[in-house]
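Values reported hereafter were calculated over all heavy atoms of this structure, with side chains retained and with hydrogens, waters and symmetry mates removed.
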Amino acid sequence: MKFRNLFWGALLVTIGLLFVLRNLDIIDFSWYSFLELWPMILILWGVSILPVKDLFKVVLAFLVIGSSVFYVAYNNDYHHWGFSINHNDIVIDREDEEDFDEEFHNWSDQHLKESYSDEVQKVMLDFDAAAGKFYLADTTFDMIDFQSRGNVGNYYMTSRDDDSLRYIKISHEEDVHINGPYKNQAVVRLNPNPVWDIDLDVGAASMDLDLSSFKVKKLDIDGGASSLKIKLGDRCLDSDISIEAGMASIVIRVPETAGCELKTSNFLSSRNIKGFERIDESTFRTPDFDDSEQKIKVRIETAFSSFTVKRY
């Protein structure tokens with residue numbers, strides 16, 4: 001047995017097994033934990049070149065695979081290049097911060113708003129989310145309401161109007177460099193009246209975006225190691241969704257009343273797209289796409305990821 005075959009075979013089996021178990025809802029895990037498995041590559045490489053019998057190599061390889069799957073499935077902490085975050089012990093409306101201040105320096109709460117104007121018909125939102133956990137679901141009477149808690153530094157919000165168009169940008173005041181544990185969580189609320197173009201730049205982030213109450217014309221997500229849950233609504237006749245991600249777990253929900261076209265470009269990624277017809281190697285459509293009044297176009301470019309598109 002060639003050692004290269006054992007190495008690549010065991011690596012692909014591990015990645016594929018994690019994808020399958022997650023898609024079957026047998027396990028649930030964060031892709032951030034997957035980043036911690038890089039030593040597995042060294043171990044598998046070492047096993048493959050050991051001067052021992054092939055049977056012994058195979059047994060060791062399966063032990064490594066089993067240990068890796070167990071670690072990813074049951075590790076609850078989110079890790080990112082030496083940082084760690086556990087979302088279970090942070091609550092957005094917690095009042096007592098004494099315990100947090102002792103462990104996490106520069107802890108801060110922020111509440112940013114942009115006033116609503118009925119003259120604004122369209123809003124372009126540019127959000128540099130960085131790392132952490134983010135929610136978007138509720139509506140607001142303001143144009144946008146942004147609340148954050150954490151120790152990664154303050155955000156700032158700027159805006160300008162151009163006739164009936166408003167530009168809003170949310171980003172950090174400066175580059176954030178933290179040598180130690182960090183925590184960051186934010187809740188974003190939007191006004192349901194204008195049409196929204198949303199550009200999200202996310203790093204090691206978990207994002208839960210319920211956009212069903214909003215007129216989302218365009219959603220552009222550029223992510224790294226991310227967990228993305230997106231629910232789209234029927235308030236905009238034509239929507240374009242673009243997602244570029246590295247190691248990501250992506251779930252997109254689209255209404256059954258809408259026709260959906262999916263274009264994919266993925267490397268070592270799994271997909272679950274029941275109810276779609278294959279048009280060509282990278283294009284899939286729902287059977288009612290051409291006849292649907294509402295059309296949602298989704299483009300996904302990923303590597304080492306899993307994505308699911310569901311209709312509800």
Taking side chain as C-beta onward, heavy atoms only, is [X] less than 4.5 Å from [Y]?
X    : Y    : result
T264 : T283 : no
S206 : F134 : no
M143 : V120 : yes
V298 : S242 : no
L262 : I273 : yes
N184 : K133 : no

From [atom1] ([X]) to [atom2] ([Y]), nearest 0.5 Å:
X    : Y    : atom1 : atom2 : answer
I250 : N272 : CD1   : CG    : 13.0 Å
E281 : I279 : CD    : CD1   : 14.0 Å
D288 : E293 : CG    : CD    : 12.5 Å
I170 : M157 : CD1   : CE    : 3.5 Å
L232 : F214 : CG    : CZ    : 12.0 Å
D118 : S164 : CG    : OG    : 11.5 Å

Heavy-atom closest pair, residues P194 and Y116: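 Smallest heavy-atom distance, with atoms named: CD-CE1, 4.4 Å.
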
Closest contact, heavy atoms only, I296 versus A258: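 Heavy atoms of I296 and A258 come nearest at CD1-CB, 4.0 Å.
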
Full working for side chain to side chain contact (heavy atoms under 4.5 Å, CB included) between I243 and I230: CA-CA 11 Å; I243 301 174; I230 303 168; 3.8 Å; yes

Listed partners of K297 passing side chain to side chain donor-acceptor pair (under 3.5 Å), at least two apart: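 Scan of K297 (side chain to side chain donor-acceptor pair (under 3.5 Å), adjacent residues dropped) gives none.
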
Side chain to side chain donor-acceptor pair (under 3.5 Å) against R285, all qualifying residues, sequence neighbours excluded: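 Per chain and number, R285 pairs via side chain to side chain donor-acceptor pair (under 3.5 Å) with E261.
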
Listed partners of F146 passing ring-ring contact (aromatic ring centres under 6.0 Å, His included), at least two apart: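 Counting only residues at least two positions away or on another chain, F146 forms a ring-ring contact (aromatic ring centres under 6.0 Å, His included) with F127, Y155.
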
Side-chain donor or acceptor of Q294 paired with backbone N/O of C236 under 3.5 Å: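 Yes; judged by distance alone, with no hydrogens or angles, the pair exists.
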
Co-membership, hydrophobic cluster, residues F289 and V309, 4.5 Å side-chain: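 No, no single cluster joins them.
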
Hydrophobic cluster identity match, V195 and I168, side-chain contacts under 4.5 Å: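 Shared cluster, no.
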
E301 versus S265, side-chain donor and acceptor atoms under 3.5 Å: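 Checked: S265/E301 side chains show no N/O donor-acceptor pair below 3.5 Å.
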
Steps toward side chain to side chain contact (heavy atoms under 4.5 Å, CB included) verdict (Y312, S212): CA-CA 11 Å; Y312 70 93; S212 57; 4.1 Å; yes

Provide the full list of salt bridge (charged side-chain N to carboxylate O under 4.0 Å, His left out) pairs with a residue in [range], sequence neighbours left out, each pair given once.
range            : value
residues 234-256 : E244-R299
residues 150-162 : D161-R166
residues 207-217 : none

Chi angles and distances behind the side chain to side chain contact (heavy atoms under 4.5 Å, CB included) call for R189, I144: CA-CA 6 Å; R189 299 176 177 87; I144 184 172; over 6 Å; no

Which pairs would a plain distance check flag for residues 196-204, meaning a side-chain donor or acceptor within less than 3.5 Å of a matching protein atom at least two apart in sequence or in another chain?
| from | atom 1 | to | atom 2 | distance (Å) |
| --- | --- | --- | --- | --- |
| W196 | NE1 | N191 | O | 2.9 |
| D197 | OD1 | K218 | N | 3.4 |
| D197 | OD2 | K122 | NZ | 3.2 |

Salt bridge (Lys or Arg N to Asp or Glu O under 4.0 Å) partners of D128, counting only residues at least two apart: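 Per chain and number, D128 pairs via salt bridge (Lys or Arg N to Asp or Glu O under 4.0 Å) with no residue.
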
Salt bridge (Lys or Arg N to Asp or Glu O under 4.0 Å) against K263, all qualifying residues, sequence neighbours excluded: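 Not a single residue meets the salt bridge (Lys or Arg N to Asp or Glu O under 4.0 Å) criterion with K263.
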
Contacts of type side-chain contact (heavy atoms from CB on, under 4.5 Å), residue S213, not counting sequence neighbours: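 For S213, the residues satisfying side-chain contact (heavy atoms from CB on, under 4.5 Å) (neighbours in sequence not counted) are T139.
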
With sequence neighbours excluded, residues passing side-chain contact (heavy atoms from CB on, under 4.5 Å) with D142: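 D142: side-chain contact (heavy atoms from CB on, under 4.5 Å) contacts with K113, T140, D145.
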
K169/S171 under side chain to side chain contact (heavy atoms under 4.5 Å, CB included): CA gap, chis, key distance, verdict: CA-CA 7 Å; K169 181 177 179 62; S171 59; 3.9 Å; yes

Transitive ILVMFWY cluster of Y167, excluding itself - 4.5 Å side-chain cut-off: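 ILVMFWY cluster around Y167 also holds M124, L165.
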
